[in-house]
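Predicted model, so just to flag it, every value in this text is computed and none were measured.
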Amino acid sequence: MAALFDLHCDTLTRNLYPPHEKETETLDNPAFQLALRKAPAGTRWVQCFAVFVPDRERGEDAIRFFDRAAASFHRQAAAHRDRAADCRSCSDLEAALDAGKCAGVLTVEGGAALAGRLERVKTLYDEGVRMMTLTWNGPNELASGHDSGNGFSVFGREAVAEMERQGMIVDVSHLNDRGFEELLSFAGKPFVASHSNARAVCGHRRNLPDEFIREIVRREGLIGLTYCSAFVSDDGRGSLDDFYRQVCHFLELGAEGCIALGSDYDGAEIHPDLDSVEKSLRIADYLTAHGIPEETAENLSFGNAWRFFRKWMGAGEQ
């Protein structure tokens, strides 16, 4: 049976960009890279749907932005209840898969959704958010992406601790190198890089250097390999062959138990080899045909992320 666990897509907020600004249907829009209808019947599919908070949104504007997007997710999941489920626990995930539905998990890309208020970690958790990317490209109240050299603020450190306490998974994709190094000194639980590749294979600064990959492996974290062409290969093609080279590098670093998929669907330019959800299901077969062990390929596509989320999703200390 085909299985897919995708740690990141921007499909929920794809209507931020032309020509789709007026769309209200984002989870099953056939014009998008990801649509519920595009997965073959019988697929065991867990999909993380991110509320992408643009860097221009701060404070009350960021709160309103998150609220609208989260409400859209819940509304659409209910409207498509025959094909999708709004999942907040491991038992929800299992029930959705057993029913043949897409198990949807609400996440956030951009800690500006907290608006600098620690109590909003619980607010987001209560709204169903189970993972949050701390930054996007620029600085926010927590830390910064690669657009600046800022490290963590005092609030950012408190927010990470509160996320861990609530059971919200910390996601370090987009976090700059200084922030990653600082996080190592105070993170108490394994964390995720939901959509990041290896910088040694593709030199974009959004990708992870080898020492960061080894640290995530050591901490039993999780890394979602992204299909974004600019992060797959230096020439910007990002073909399946290029993606295979990324996988091989991670395996050389001993990351076979920590790699997963983080497509970045509807948020990035993606090569035609990988540019729709049904093509994700071909990755495992491609890898095995090129010498990757079948178990390793299946764990990349589903198993590693499944085990991580079963252990850490909602694993708070309340």
For L281 and A3, the nearest pair of non-hydrogen atoms, with its separation, is CD2-O, 4.0 Å

With side chain to side chain donor-acceptor pair (under 3.5 Å) as the test, would you mind laying out the steps for D126 and T123 before giving the verdict? CA-CA 5 Å; D126 290 345; T123 300; over 6 Å; no

State, to 0.1 Å, how close S196 and N207 come at their nearest heavy-atom pair, and which atoms those are. C-OD1, 4.2 Å

Check against side chain to side chain donor-acceptor pair (under 3.5 Å), N15 and T26: CA-CA 7 Å; N15 53 3; T26 56; 5.6 Å; no

Does a side chain donor of either Y265 or S280 reach within less than 3.5 Å of an acceptor in the other side chain? yes

V217 and L253, any side-chain heavy atoms less than 4.5 Å apart: no

Count the heavy atoms belonging to other residues, nucleotides or ligands that lie under 6.0 Å from CD of E23, then report whether that count exceeds 12. yes

For residues S239 and D242, is any side-chain donor paired with an opposing acceptor at under 3.5 Å? yes

Quick one about Q76 and S72 (side-chain donor to acceptor, distance below 3.5 Å, no hydrogens or angles considered), yes or no? yes

So, S144 versus N150: side-chain donor-acceptor pair below 3.5 Å or not? no

Only one of V232, L287, D273 passes side-chain contact (heavy atoms from CB on, under 4.5 Å) with L240; say which it is. D273

State, without any angle test, whether S194 and D171 hold a side-chain donor-acceptor pair at a distance under 3.5 Å. yes

Compute both the distance and the angle, then confirm whether R130 meets the cation-pi test with Y125: under 6.0 Å from the six-membered ring centre, within 45 degrees of the axis. yes

Can you confirm whether E220 is buried at CD, in the sense that more than 12 heavy atoms of other residues, nucleotides or ligands lie under 6.0 Å from that atom? no

A159: side-chain contact (heavy atoms from CB on, under 4.5 Å) partners, not counting sequence neighbours: L114, L118, L142, F155

How about R237 and S229: does a side-chain donor come under 3.5 Å of a side-chain acceptor? no

With a 6.0 Å cut-off on the ring centroids, do F191 and F180 count as close? yes

Grouping ILVMFWY residues whenever side-chain heavy atoms fall under 4.5 Å, the cluster of F231 otherwise contains none

Any chance you could pull the hydrophobic cluster mates of I63, using side-chain heavy atoms under 4.5 angstrom and chaining through other members? none

Would R58 and E141 count as a side-chain contact (heavy atoms from CB on, under 4.5 Å) if you check the C-alpha gap in whole Å, the side-chain angles of each, and the deciding distance to 0.1 Å? CA-CA 9 Å; R58 291 292 184 268; E141 297 90 343; 4.0 Å; yes

Ring centres under 6.0 angstrom apart (H20, F32): yes

Give a yes or no on whether the ring-centroid distance for Y286 and F243 is below 6.0 angstrom. no

Neighbour count above 12 (heavy atom, 6.0 Å) for K189 NZ: yes

Full working for side chain to side chain donor-acceptor pair (under 3.5 Å) between H146 and N176: CA-CA 5 Å; H146 60 62; N176 64 21; over 6 Å; no

Note: L106 and A70 closest approach over all heavy atoms is CD2-CB, 4.1 Å

Minimal heavy-atom distance between A297 and A284, with the atoms involved, is CB-O, 3.7 Å

One pair to check against side-chain contact (heavy atoms from CB on, under 4.5 Å): F5 and C48. What are the steps and the verdict? CA-CA 8 Å; F5 198 129; C48 295; 4.3 Å; yes

One pair to check against side-chain contact (heavy atoms from CB on, under 4.5 Å): L274 and I283. What are the steps and the verdict? CA-CA 9 Å; L274 294 162; I283 291 174; 3.7 Å; yes

V170 versus V160, closest heavy-atom pair with distance: CG2-CG1, 4.1 Å

If you compare all heavy atoms of M313 against all heavy atoms of S89, which two are closest, and at what distance to 0.1 Å? CE-N, 3.3 Å

When you check the side-chain N and O atoms of H249 and D210, is any donor under 3.5 Å from an acceptor? yes

